[in-house]
Amino acid sequence: MNHEQSRALYDRALSVMPGGVNSSVRAIRPYPFFVQKGDGGHVVDADGNRYLDFVMGYGPLLLGHDMPEQVQSAVQRRASEGPMYGAPTEVEVELAEFVARHVPSVEMVRFVNSGTEATVSAVRLARGYTGRDKIVVMQGGYHGAQESTLVEGEGDDTHPSSPGIPERFAEHTLTVPFNDEEAAHTVFAKHGDDIAAVLTEPILGNYGIVHPVEGYHETLRNLCDEHGSLLVFDEVITGFRVGGLQCAQGKFDIDPDLTTFGKIVGGGFPVGAIGGKSEIIEQFTPAGDVFQSGTFSGHPVTMAAGLETLRYAAENDVYDHVNGLGEQLRLGLQDILEDQAPEYTVVGTDSMFKVVFTRNAPDSFEGHCEAGCQQREDCPRYEHCPKNAGDIKRAETERWERLFWPEMKDQGVFLTANQFESQFVCDAHTGEDIEDALEAYKEAI
Ligand SMILES: *Cc1c(COP(=O)(O)O)cnc(C)c1O
């Protein structure tokens with residue numbers, strides 16, 4: 001595989017952009033390939049190499065790279081009528097109605113421009129609504145590049161995980177390991193009256209893919225209710241992907257107070273949103289006092305892309321297709337691991353998937369969770385499957401990144417560049433693509 005053009009582009013990029021990229025995760029070693037264009041379920045790089053793409057923009061591309069006719073024409077019409085106005089448009093109302101109609105806990109929506117902005121605003125809203133400062137997040141959980149959640153440490157011994165963030169921010173952020181009910185009880189016993197919200201992804205999607213153990217969400221919901229705290233689901237990844245249009249909260253039958261969205265809801269354009277009960281969402285300005293605003297928020301081109309993408313998904317059995325392919329892929333991966341690396345774990349659900357290079361597990365897959373770890377208690381591998389970010393971190397992350405990822409790339413399969421980020425099947429993928437991917441895994445694992 002020739003990468004001359006990408007190498008030259010990266011050389012130029014390093015002179016004018018820190019690390020040569022605009023988002024850290026893209027700085028694949030020794031240098032990333034530069035994408036020339038997308039093509040359905042594939043991408044083509046600057047040197048003309050074609051890859052089967054499971055990165056899918058790190059989550060936003062439910063349909064793949066080709067916009068269906070109805071999405072494309074809505075986007076082009078919007079753009080040609082002037083990109084944005086600083087006055088409301090009908091399409092914002094339509095997308096808000098669509099979200100409120102399909103997502104069980106959502107009555108009202110505020111659109112913003114990124115997942116980060118959504119979680120920043122949700123945390124501010126929870127603090128403003130409850131009059132409390134502390135938030136609880138999952139260790140290793142990712143909620144975007146925001147001051148309050150970029151923390152490391154355990155319980156109330158937390159510190160900023162990046163320079164540039166005052167210690168004071170971390171003081172208000174408490175961490176617990178995902179899936180650890182005891183830790184959640186402990187943190188509430190100690191700080192319950194000061195906790196504004198628990199902020200968690202329903203499924204950890206940025207640290208392997210970790211499914212909740214049975215009863216975990218319910219425990220968080222109950223603790224929040226008992227202490228007058230809000231439960232905030234960060235569905236930036238899982239929204240309109242896991243559980244289809246009802247999102248992961250519908251699939252798990254949990255009623256969060258607030259939900260953050262991003263990624264898919266903008267149909268591939270920059271987006272975020274905060275949804276929830278009217279009583280809470282109406283605390284945002286100008287209805288209430290919690291300041292929230294944005295020049296580009298509710299951008300008409302983004303709103304049109306999001307609305308038509310979701311309509312297309314609803315009308316064309318997109319979720320059946322992508323979830324079916326996801327299952328085919330995860331089942332195939334389990335077969336491969338059974339032969340070649342029984343200590344590894346297949347994770348994922350719906351159209352999300354990953355192989356975590358765990359170090360210990362029984363040799364046999366007998367009686368295990370089918371098509372990806374679901375944290376089933378009677379699964380013989382239950383004791384060994386990753387339950388939280390710490391477990392994922394202890395896997396063979398170096399092997400994954402330095403040996404496995406490049407090998408897959410050389411075989412023309414584009415995966416997310418490390419052990420942690422989720423991978424996605426899209427509507428443009430076919431059963432044949434999945435078979436090709438499995439052949440590549442067979443070689444590379
Ligand atoms: C991607 C992501 C974010 C941040 O969204 P951006 O659009 O990158 O700012 C927040 N939360 C979760 C769960 C995400 O996956």
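This is a predicted model, so every value here is computed, not measured. Numbering of ligands and ligand atoms starts at 1, following listing order.
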Should Thr349 and Lys251 be marked as a side-chain hydrogen bond (donor to acceptor under 3.5 Å, both in side chains) after you check the CA-CA gap, both sets of side-chain angles, and the distance that decides it? CA-CA 11 Å; Thr349 182; Lys251 178 170 173 143; 3.1 Å; yes
Please check if any side-chain donor atom of Gln139 sits under 3.5 Å from a side-chain acceptor atom of Tyr207, or the reverse. no
With a 3.5 Å cut-off and no angle check, do the side chains of Glu92 and Thr89 form a donor-acceptor pair? yes
Ligand 1 contact on Thr260 by region, counting heavy-atom pairs under 4.0 Å: neither
Under a 4.5 Å cut-off applied to non-hydrogen side-chain atoms, are Cys247 and Phe261 in contact? yes
Honestly, for Lys263 the part within reach of ligand 1 (heavy atoms, under 4.0 Å) is side chain
Asn206 to ligand 1: N or O pair under 3.5 Å? yes
Against heavy atoms of His143, which atoms of ligand 1 measure under 4.0 Å? 10 (C), 11 (N)
For the pair His429 and Phe54, evaluate ring-ring contact (aromatic ring centres under 6.0 Å, His included) and give the outcome as yes or no after the intermediate values. CA-CA 9 Å; His429 287 140; Phe54 293 113; 4.9 Å; yes
Identify, for atom 6 (P) of ligand 1, the protein heavy atom at the shortest distance, and state residue, atom and that distance. Gly115 N, 3.4 Å
Contacting atoms of ligand 1, where contact means under 4.0 angstrom from a heavy atom of Ser114: 7 (O), 9 (O)
Report, in ascending order of atom number, the atoms of ligand 1 lying under 4.0 Å from any heavy atom of Tyr142. 11 (N), 12 (C), 13 (C)
Got the closest protein heavy atom to atom 3 (C) of ligand 1, with its distance? Val236 CG1, 3.7 Å
Using a 6.0 Å distance limit plus a 45 degree cone around the ring axis, check whether Lys263 lies over the aromatic ring of Phe240. no
Mark up the atoms of ligand 1 that fall under 4.0 Å of a heavy atom belonging to Ile237, in ascending order. 15 (O)
Please report which non-hydrogen protein atom sits nearest to atom 9 (O) of ligand 1, along with the residue it belongs to and the distance in Å to one decimal place. Thr116 OG1, 2.6 Å
Compute whether any side-chain donor of one residue and acceptor of the other, for Asp225 and His227, lie under 3.5 angstrom apart. no
Carboxylate-amine/guanidinium proximity below 4.0 Å for Arg221 and Asp257: yes
Asp234: numbered ligand 1 atoms lying under 4.0 Å from its heavy atoms: 10 (C), 11 (N), 12 (C), 13 (C)
